[in-house]
Amino acid sequence: MKLQGRTAVITGSSKGIGKAIAELFASEGAQLVITGTSMESAQETVNEIIAKYNCEAVPVALDVSRVESCEALIKTSLDNFSKIDILVNNAGITRDNLVLKIKETEWDEVIAVNLKGVFNCIKAVSKPMFRQKYGRILNITSVIGQIGNAGQINYSASKGGIITITKTCAKEFASRNILVNAIAPGFISTSMTDKLTEERKQTMVSAIPLRRFGEAIDVARAALFLVCDDSSYITGHILSVNGGLYM
Ligand code: NAP
């Protein structure tokens, strides 16, 4: 088992990509902190994962855009497991609109959750990880942060920012044996992409060399690689999981 004895905090793990990461980590022996925006959504996933993998897991209600909420997440994790080996910054939202039409609130919400949320969680976990002299931080960015997308100025800016956060933290944290990497998924079938019209999905699929959307497990497998000992000489890397959409 690749994560035996490791404790992993995964933001936005009540569903979608975060839940797939949590399940794979549980199957590899990790203890988990599962978060949703409500205690109910986190608890439901915890119950499911414990029943399936007989692992230790605790639920936390989290709003990554609020500093106090992220600090409370790290405190609860330490209270339960005494250490945090792995932080996966996965929580994210979309509020798509064209530049001409986008509202200030749509810009602010996406930047607050996707970009400031990553900063908040990294800042909160940095002290305990520095003390431990061990850590793996994995940020979930997006192909849209690499290539941009019409109708997603807020989302693309937030995801582009995560790429530079990843490289900056990789440089600052390396001396403490804390590795910081990111995954840039392409289009993955989750509730986030379920919102797209069939027509838009088809247009996107035709631009993907592998001619299909990815599955959450495709991202989870890459996540496992980047947090386990197989990748102990990799830091500051942005791993594409995108079916060839961007090379
Ligand atoms: P999803 O199914 O919509 O799940 C989003 C998760 O984030 C949920 O657990 C949700 O909690 C949580 N969340 C939402 N707002 C939050 C907040 N303010 N504070 C804390 N948690 C919050 O999305 P997904 O498709 O799995 O996406 C996961 C990550 O991958 C995101 O960062 C997304 O940008 C990125 N990504 C996705 C794709 C894709 O095609 N799906 C592609 C590239 C990158 P609740 O369920 O409790 O509300």
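For the numbers below, each heavy atom of this structure counts, side chains included, while hydrogens, waters and symmetry mates do not. Both counts, for ligands and for their atoms, begin at 1 and track the order of listing.
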Of the protein's non-hydrogen atoms, which lies at the shortest distance from [atom], and what is that distance?
atom: atom 48 (O) of ligand 1; result: T37 OG1, 2.7 Å
atom: atom 18 (N) of ligand 1; result: D63 OD1, 3.1 Å
atom: atom 19 (N) of ligand 1; result: V64 N, 3.0 Å
atom: atom 21 (N) of ligand 1; result: A91 CB, 3.4 Å
atom: atom 44 (C) of ligand 1; result: T141 O, 3.2 Å
atom: atom 12 (C) of ligand 1; result: G12 CA, 3.7 Å
atom: atom 25 (O) of ligand 1; result: T190 OG1, 2.5 Å
atom: atom 28 (C) of ligand 1; result: N90 OD1, 3.2 Å

Determine, considering heavy atoms only, which of [options] sits nearest to [atom].
atom: atom 20 (C) of ligand 1; options: N120, L62, I21; answer: L62
atom: atom 15 (N) of ligand 1; options: I93, L73, V241; answer: I93
atom: atom 2 (O) of ligand 1; options: G186, A61, S191, A184; answer: S191
atom: atom 34 (O) of ligand 1; options: F187, Y155, F213; answer: Y155

Mind listing the closest non-hydrogen atom pair of [X] and [Y] along with its distance?
X: Q43; Y: P59; answer: OE1-CG, 3.3 Å
X: I86; Y: V88; answer: CG2-CG2, 4.0 Å
X: G36; Y: A42; answer: N-CB, 3.6 Å
X: A124; Y: C70; answer: CB-O, 4.0 Å

Just jot down the ligand 1 atoms closer than 4.0 angstrom to any heavy atom of [X], in number order.
X: G92; answer: 5 (C), 7 (O), 31 (C), 32 (O)
X: G16; answer: 2 (O), 26 (O)
X: S41; answer: 47 (O)

With heavy-atom distances below 4.5 Å as the criterion, would you say the side chains of [X] and [Y] are in contact?
X: R221; Y: L224; value: no
X: C55; Y: I49; value: yes
X: F81; Y: E56; value: yes

| For I234, does its backbone N or O pair with a side-chain atom of N181 as donor and acceptor, under 3.5 Å? |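 Flag set: sc N181 to bb I234 pair under 3.5 Å.
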| said: Is it the case that the side chain of T7 and the backbone of D85 share a donor-acceptor pair, with hydrogens and angles ignored and the cut-off at 3.5 Å? | reply: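 No; judged by distance alone, with no hydrogens or angles, the pair does not exist.
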If you measure every N/O of [X] against every N/O of ligand 1, is any gap under 3.5 Å?
X: I188; value: yes
X: S14; value: yes
X: I17; value: yes

| task | Would you kindly specify which portion of K19 sits under 4.0 Å from ligand 1, judged on non-hydrogen atoms: side chain, backbone, both or neither? | result |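 For K19, no heavy atom sits under 4.0 Å from ligand 1.
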| message | Hydrophobic cluster membership, with links at side-chain heavy-atom distances under 4.5 Å among I/L/V/M/F/W/Y: are V64 and V9 in one? | response |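 Same cluster.
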| task | Test Y134 against every option in R6, K83, R176 by the side-chain hydrogen bond (donor to acceptor under 3.5 Å, both in side chains) rule and name the one that passes. | result |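 Running side-chain hydrogen bond (donor to acceptor under 3.5 Å, both in side chains) over R6, K83, R176 with Y134 returns exactly one hit, R6.
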| task | Evaluate the ring planes of F130 and F173, with Trp represented by its six-membered ring, and classify them as parallel (under 30°), tilted (30 to 60°) or perpendicular (over 60°). | result |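 Perpendicular, since the angle between the ring planes exceeds 60°.
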